[in-house]
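Working notes, structure below.
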Amino acid sequence: MVVKVYGPAYASPKRVITCFIEKEIEYEVVDVNVFKEENTTPQFLQLQPFGVLPVIQDGDYTLYESRAITRYYAEKYKSQGTELLGRTMEERGLVEQWLEVEAHNFQPPLYDLVIHVLFDGKRGVTPDQKRIKEDEEKLARVLDVYDQRLSTSKYLAGDSFSLADLSHLPFGHYLVTSLGKEYMIRDRKHVNRWWDDISNRPSWKKVIQLHPPVV
Amino acid sequence: MVVKVYGPAYASTKRVIACFIEKEIEYDVVDIDLFKGENTTPEYLNLQPFGVLPVIQDGDYTLYESRAIIRYYAEKYKSQGTELLGRTMEERGLVEQWLEVEAHNFQPPLYDLVVQLLFDPKLGLIPDQKRIKEDKEKLARVLDVYDQRLSTSKFLAGDSFSLADLSHLPFGQFLMTGLGKEYMIRDRKHVSGWWDDISNRPSWQKVLQLHPPAL
């Protein structure tokens, strides 16, 4: 039985799908349309009680939260595909650190930008320009720290690509495409070098080809 | 050499200390006073470039983000103290899931309440009542999901206490004491039983005794 991934059109499920491709794990997708509120049906809430994407079903094992799913599968399939959790205990710690940094520093202002610049427009809501400006400023300060880190380290956790880098791909993709804020990456020499490296991995290119973003 | 933990008076740091006590790991503390801006000095930013707490120094290994630190030490010291990562691969996945839920659903509205009601008045700022009301409503909906989960599971990830439960202790403690919102826990039968269980663990009692909260 092949693991099912819900909501491939959206950003967070793409963390999971990229991880599956890197780890050579077969998967199926189940489309969920958020604009049609398919994430708030009783059936969906039975799987994911907070009504967000993604959720996976692996036989009778259900798991949600994209960064929990990627950690679980990267550990479970440690012996196949790309090593995504670092090659030493210390490197593993740094992978965890930068996964947390992504979740708490990179994601929140960027997610807010996606909602206010992309999704609000689709829903006929007037974008809040003050908030958009604050989000950009927060994100700029975070990317300055990233540029400093990546000036002395090839990837966030060290010399090798890991879950920490992978986790930035889905929302980072919005930044360089539909949000029209590519300069935030390009103006920072080391972030730019790192972004080109990770976004040109065959796994990521395959994800956007197979599961085009919804906006 | 004993691991050093920065900022024990503050909540996020207490995740790390509770974990160390459960895993029987010796540690030293270094006090950091946020109100005096000791987290924004060049020396501190050299350790933790985002200027937040905690950070640990273990010889020449530095690590930050409390949930990364506890995952690292729970894995590294797997063979001693309390098992905090589940007893099977599947249970480990659920520990990761509920750690993510804590970080993305429980923590944000609760952290905002702490800032609005406890920190801001200390800085002479007036609490934003509309925002406080929204935070409470968000948190209430999250706790309803928790109550449902805990009606069929002794702890969040299964039958055993884990990092997922532990991670709720520092900010949950604010809810019960400084914020005056104990009813949010007590009004929910299963959340209430779970809170009593986890907060009465000797490790948590010791954390509160050794490192009283800053507020």
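In what follows, chains are A, B, ... by sequence order, proteins preceding strands, each numbered from 1.
Summarising the local packing, CG of B:L123 is surrounded by more than 12 heavy atoms from other residues, nucleotides or ligands at distances under 6.0 Å.
Two residues are said to be in side-chain contact when any heavy atoms from C-beta on lie closer than 4.5 Å; A:L53 and A:V34 meet this criterion. Side-chain contact check for A:L113 versus A:I132: some heavy-atom pair is nearer than 4.5 Å. With a 4.5 Å cut-off on side-chain heavy atoms, B:K154 and B:W194 do not count as touching.
Contacts of A:V95 with chain B are absent, with no heavy-atom separation under 4.5 Å from either backbone or side chain.
Options A:A103, A:A68, A:P49, A:P108 differ in how many heavy-atom pairs under 4.5 Å they form with chain B, and the most are formed by A:A68.
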Pairs table: donor-acceptor atoms between chain B and chain A closer than 3.5 Å:
residue	atom	partner	partner atom	Å
B:Y61	OH	A:E90	O	2.6
B:Y64	N	A:Q97	OE1	2.9
B:Y64	OH	A:Q97	NE2	3.4
B:R67	NH1	A:H104	NE2	3.4
B:R71	NH1	A:E100	OE2	2.8
B:Y72	OH	A:E90	OE2	3.2
B:E90	O	A:Y61	OH	2.6
B:E90	OE2	A:Y72	OH	3.2
B:Q97	OE1	A:Y64	N	2.9
B:Q97	NE2	A:Y64	OH	3.4
B:E100	OE2	A:R71	NH1	2.9
B:H104	NE2	A:R67	NH1	3.4

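Residues forming a side chain to side chain donor-acceptor pair (under 3.5 Å) with B:Y27 (at least two apart in sequence, or on another chain): B:H211. Residues that satisfy the side-chain contact (heavy atoms from CB on, under 4.5 Å) test with A:A9, not counting sequence neighbours, are A:V214. Residues passing the ring pair (Phe, Tyr, Trp, His ring centres under 6.0 Å) test with B:F50: none are found, sequence neighbours excluded.
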